[in-house]
Amino acid sequence: MSGPGHETASAPVPGASRQPWPRVDRHALQAGRTARLAHWMAQRDVDHLLLTGPDQIRYATDFRAQLVSESTDWYAAVVDAYGEGDIFVPHVDAAAPGPALPHKMRGVFPLPSWAPAACHPRQWVRAVAAVLRARHARHVAYDSLDAGILHDLAAELPHVRLTPCAADLFAIRAVKDPLEIGLVEAACRVNAAALQAALDGARPGMSDHHLLAVAAAHQHDSGAEFVTHSVCNVRKGTGGWFADGAVLQEGEPFFLDTGCHGHGGYASDAARTGWVGEPAPAVRRAWRSLLTAYEAGQEAARCGVRVSRIHEAMNDCLVRQGLPPTLYGTGHGIGLRCCELPTIHSASLTDHDDVLRIGHVIALEPETAVESDGRVHVLKVEDNFAVEEQGLRLLTTPSTRWPD
């Protein structure tokens, strides 16, 4: 986001964005997560978890299982109430001990490489059933299984009870302990710095692809584990997320929305609006109104408040100022996913209108639009916060170049 005569590099200097990650006692981190899972398992008489989601596997075992964005069913884990278990992976061809595995994992077992699980159901059922038999499983809770695999696994293990548990696991994960919040905050600093680098380097003639490349370079250079999303809206309406080579023009707004996983797999999700040169008066007024609505949402976000009230506070403020409301949920939880519980949306579009609690980590992301010179421009802002007794604590570093 640069004015006339503002000169910056279009890409970061190698090493310049690197920031120290917090020193976290990984055994203490995992012990806390295992204790929460064990309590839930005891309440429901569950003796094993069968997990395939990379984030659920990370929570239960601290094993990193995300290689690419589509690898949601390339790995699996069987875990007992003591946090001990086995990992199934696509990069070995025989069962073997795993010296590089988290300390409570016994070993690794092969799965078909680089393919959706549904394409090789017999191999999946054979591998998983053998381990569940060896562990004398009686009641297994699973997060996400292909329907065909679930059907065949139930037939293969007729005396094992299989129960879905994904919603419960997300509920367990919603409240973070201080170690988890510290890891989210570290990812937030990296993500905010990446957005700042892109804003500082923006200039007329730069493409949306180039802006996102600057942000992604900062994320990788800072040691992020994984870039989760990288979108840019230049002259597109609501829902126009995807970069397509659009070129920045003098005075026009744009917004960036990026996310990444930091050390330990904890994530950040943030957005920034910027422009090059001088924006039209209508755009500037709408931006100030968006910030006013944003502040209303932050003020409403207090412990004990229903999350739909936060959503309503921001949208009501936008409407009172003559601007369109955000057409989607104005916030969400953050943890081992960029988007998890609580879901900050209207109560009519959610199964449960959660109450904000100490230990929740949330993103707030109001959006609006304004017409100027015959064109509709979309404006957005998003930051991440920890919910504390006195209110919200900002985790993403504030931008140093908000539009005036």
Side-chain angles (χ1 to χ4, degrees), residues 55 164-176 180-181 184 188 228-229 231 237-239 241 255 257 259 266-273 286-370 378-396:
D55 52 320
C165 69
D168 285 342
L169 296 187
F170 282 120
I172 291 169
R173 287 166 42 179
V175 174
K176 276 71 177 176
E180 294 177 289
I181 293 172
V184 174
C188 288
T228 59
H229 61 285
V231 298
T238 294
W241 305 108
F255 78 72
D257 191 322
Y266 286 88
S268 171
D269 177 13
R272 298 285 184 261
T273 287
W287 168 251
R288 289 172 176 162
S289 295
L290 177 62
L291 290 185
T292 299
Y294 194 32
E295 292 167 359
Q298 294 174 51
E299 182 61 31
R302 294 289 186 270
C303 294
V305 171
R306 295 284 178 185
V307 292
S308 64
R309 178 67 195 105
I310 306 168
H311 178 79
E312 293 164 359
M314 289 186 278
N315 275 343
D316 289 350
C317 187
L318 288 171
V319 171
R320 285 196 302 270
Q321 297 178 96
L323 292 170
T326 309
L327 298 180
Y328 48 82
T330 52
H332 52 81
I334 298 175
L336 288 168
R337 285 193 183 193
C338 278
C339 299
E340 51 184 56
L341 292 177
T343 303
I344 302 174
H345 204 178
S346 61
S348 63
L349 288 172
T350 57
D351 284 2
H352 39 85
D353 189 6
D354 290 328
V355 171
L356 210 59
R357 298 171 59 188
I358 294 173
H360 278 155
V361 180
I362 63 172
L364 297 181
E365 53 175 325
E367 175 190 294
T368 193
V370 60
V378 179
L379 311 175
K380 181 176 180 177
V381 59
E382 180 178 17
D383 282 295
N384 305 157
F385 305 86
V387 180
E388 299 181 342
E389 185 175 357
Q390 302 304 318
L392 299 184
R393 178 169 66 86
L394 182 66
L395 301 182
T396 35

**Request:** Tell me, please, which residues at least two apart from D168 pass salt bridge (Lys or Arg N to Asp or Glu O under 4.0 Å).
**Result:** R44
**Prompt:** Is a side-chain N or O of D353 found less than 3.5 angstrom from the main chain of S308, in a donor-acceptor match?
**Reply:** yes
**Message:** Looking at every heavy atom in both G391 and R302, which two are closest together, and how far apart are they?
**Reply:** CA-NH1, 3.7 Å
**Contact check, side chains of P366 and V381, non-hydrogen atoms, under 4.5 Å** = yes
**Message:** Check whether N315 reaches the backbone of T326 with its side chain - one donor and one acceptor, N or O, closer than 3.5 Å.
**Reply:** yes
**Request:** With the side chain counted from C-beta on, respond yes when I310 and L364 share a heavy-atom pair under 4.5 Å apart, and no when they do not.
**Result:** yes
**Request:** For residues S268 and V184, determine if any side-chain heavy atom of one lies less than 4.5 Å from a side-chain heavy atom of the other.
**Result:** no
**Message:** Do P324 and L318 make a side-chain contact, defined as non-hydrogen atoms from C-beta onward lying under 4.5 Å apart?
**Reply:** no
**Message:** Could you check whether any side-chain heavy atom of V175 comes within less than 4.5 Å of a side-chain heavy atom of E180, counting everything from C-beta outward?
**Reply:** no
**Item:** Pair K176 + E340, salt bridge at N-O below 4.0 Å
**Value:** yes
**Prompt:** Between the main-chain N or O of C188 and the side-chain N or O of T396, is there a donor-acceptor pair closer than 3.5 Å?
**Reply:** no
Show me, pair by pair, the donor-acceptor contacts under 3.5 angstrom made by side chains of residues 328-338, not counting sequence neighbours?
| unit_1 | atom_1 | unit_2 | atom_2 | d |
| --- | --- | --- | --- | --- |
| Y328 | OH | E367 | OE1 | 2.6 |
| T330 | OG1 | H311 | ND1 | 2.9 |
| H332 | ND1 | C338 | O | 3.0 |
| H332 | NE2 | D269 | OD2 | 3.0 |
| H332 | NE2 | E365 | OE2 | 3.2 |
| H332 | NE2 | E382 | OE2 | 3.4 |
| R337 | NE | D55 | OD2 | 2.8 |

**V361 side chain reached by I181 side chain, heavy atoms, under 4.5 Å** = yes
**Message:** E388: which residues meet the salt bridge (Lys or Arg N to Asp or Glu O under 4.0 Å) condition with it, sequence neighbours left out?
**Reply:** R393
**Test: D257 and K380 ion pair at under 4.0 Å** = yes
**Prompt:** Are side-chain heavy atoms of L392 and V387 found at a separation under 4.5 Å?
**Reply:** yes
**Prompt:** What is the minimum heavy-atom distance between V307 and P342, and which atoms define it?
**Reply:** CG1-CB, 4.1 Å
**Message:** So V378 and T273, do their side chains get closer than 4.5 Å, heavy atoms only?
**Reply:** no
